[in-house]
Amino acid sequence: MNSENYTKAAKTGYIALSVLLGALGVTLMAIPDFSVTLAARICGGTLAAFGIFKLIGYFSKDLYRLAFQYDLAFGILLLSIGAVMLIHPGGAIHFICAMLGVYILADGLMKVQIALDAKRFGLRSWIYIMTAALLACTAGLVMLFRPAEGARLLTVLLGLSLLLEGILNLLTALTAVKLRNKKRSDIIDID
């Protein structure tokens with residue numbers, strides 16, 4: 001598989017899994033009594049798949065090289081979190097929220113840096129990435145500190161955080177991942 005195919009696969013995977021994360025988030029917010037075990041299995045499988053696509057993205061060569069620059073470490077982290085959630089799906093919602101809170105906070109912080117890099121690149125869409133990143137950071141922090149301990153509230157908070165993470169990754173994939181134009185050469189002639 002050449003680099004262009006890796007980039008296409010990573011971008012497509014990011015988009016599909018971002019939509020899936022968002023849908024899972026909406027489901028958890030709409031049905032806070034949703035089975036924690038089933039939610040953990042779905043979330044664990046989705047995060048493990050996202051980890052694989054993050055690794056594919058890291059090894060791709062998209063034009064801007066913004067969106068995938070931190071994805072080696074995050075891909076491994078997501079595979080690990082996904083595996084834990086798949087192996088121990090009945091784990092307490094607090095553990096799941098704390099694990100995802102750390103990930104969402106860290107990913108949001110990395111996306112803040114990506115937004116600033118995109119701004120320096122001259123991409124007008126940087127503000128959308130920045131806004132979604134700051135919202136995701138806030139949701140990640142709230143998940144870590146979870147001021148209320150009710151399982152229903154934590155489920156809704158988990159759903160909101162997954163929705164924001166899905167939106168953040170979708171915006172990043174759509175605005176900061178560019179495929180090379182086959183008609184344009186990357187070679188610069190210097191006389």
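Atom OG1 of Thr46 and atom CG of Leu78 lie 10.5 Å apart (nearest 0.5 Å). Between the CE atom of Met110 and the CG atom of Asp71 there is a distance of 11.0 Å, given to the nearest 0.5 Å. The structure places OG of Ser80 at 11.0 Å from CG of Leu47, a figure rounded to the nearest 0.5 Å. Annotation: the span from Thr131 atom OG1 to Ile167 atom CD1 amounts to 12.0 Å, rounded to 0.5 Å. Interatomic distance, Gln113 CD to Met130 CE, rounded to the nearest 0.5 Å: 10.0 Å. Distance OH/Tyr128 to CG/Leu171: 9.5 Å, rounded to 0.5 Å.
Under a hydrophobic clustering in which Ile, Leu, Val, Met, Phe, Trp and Tyr are joined whenever their side-chain heavy atoms come within less than 4.5 Å, directly or via other members, Phe121 and Ile114 fall into the same cluster. Linking Ile, Leu, Val, Met, Phe, Trp and Tyr whenever their side-chain heavy atoms come within less than 4.5 Å puts Leu38 and Val84 in one cluster. Hydrophobic clustering (side-chain heavy atoms under 4.5 Å, transitive across Ile, Leu, Val, Met, Phe, Trp, Tyr) keeps Ile129 apart from Leu163. Hydrophobic clustering, with ILVMFWY side chains joined whenever heavy atoms are under 4.5 angstrom apart, keeps Ile52 apart from Leu86. The hydrophobic clustering, which links ILVMFWY residues whose side-chain heavy atoms are closer than 4.5 Å, places Ile31 and Leu21 together.
The two residues Ile56 and Ala9 have their closest heavy-atom pair at CG2-CB, 4.4 Å. Closest of all the heavy-atom pairs between Ala118 and Trp126 is CB-CB, 3.9 Å. Closest approach of Cys137 and Leu105 over heavy atoms only: O-CD1, 3.7 Å. Looking at every heavy atom in both residues, Gly25 comes nearest to Leu162 through CA-CB, 4.0 Å. When all heavy atoms are compared, the tightest approach of Ala133 to Gly108 is CB-O, 3.5 Å. Across all their heavy atoms, Ser18 and Gly166 have their closest contact at CB-O, 3.2 Å.
Between Lys111 and Asn169 the shortest side-chain heavy-atom distance falls below 4.5 Å. With contacts defined as side-chain heavy-atom distances shorter than 4.5 Å, the pair Leu141/Thr138 does not qualify. At a threshold of 4.5 Å between non-hydrogen side-chain atoms, the residues Leu79 and Leu55 count as touching. Looking only at side-chain heavy atoms (C-beta outward), Lys11 and Ile15 come within less than 4.5 Å of each other. By the 4.5 Å heavy-atom criterion applied to side chains, Thr175 and Leu123 are not counted as neighbours. Side-chain atoms of Lys54 and Tyr58, non-hydrogen and from C-beta on, never get closer than 4.5 Å to each other. Counting only heavy atoms from C-beta outward, the side chains of Leu164 and Leu168 never approach each other to under 4.5 Å.
Tested against Leu28, the residues Val156, Ile42, Leu158 include a single side-chain contact (heavy atoms from CB on, under 4.5 Å) partner, Leu158.
Listed by chain and residue number, Phe74 satisfy the ring-ring contact (aromatic ring centres under 6.0 Å, His included) test with Tyr103 (two or more places apart in sequence, or in another chain). Partners of Arg120 by salt bridge (Lys or Arg N to Asp or Glu O under 4.0 Å), not counting sequence neighbours, listed by chain and number: Asp117. For Phe53, there are no ring-ring contact (aromatic ring centres under 6.0 Å, His included) partners, not counting sequence neighbours.
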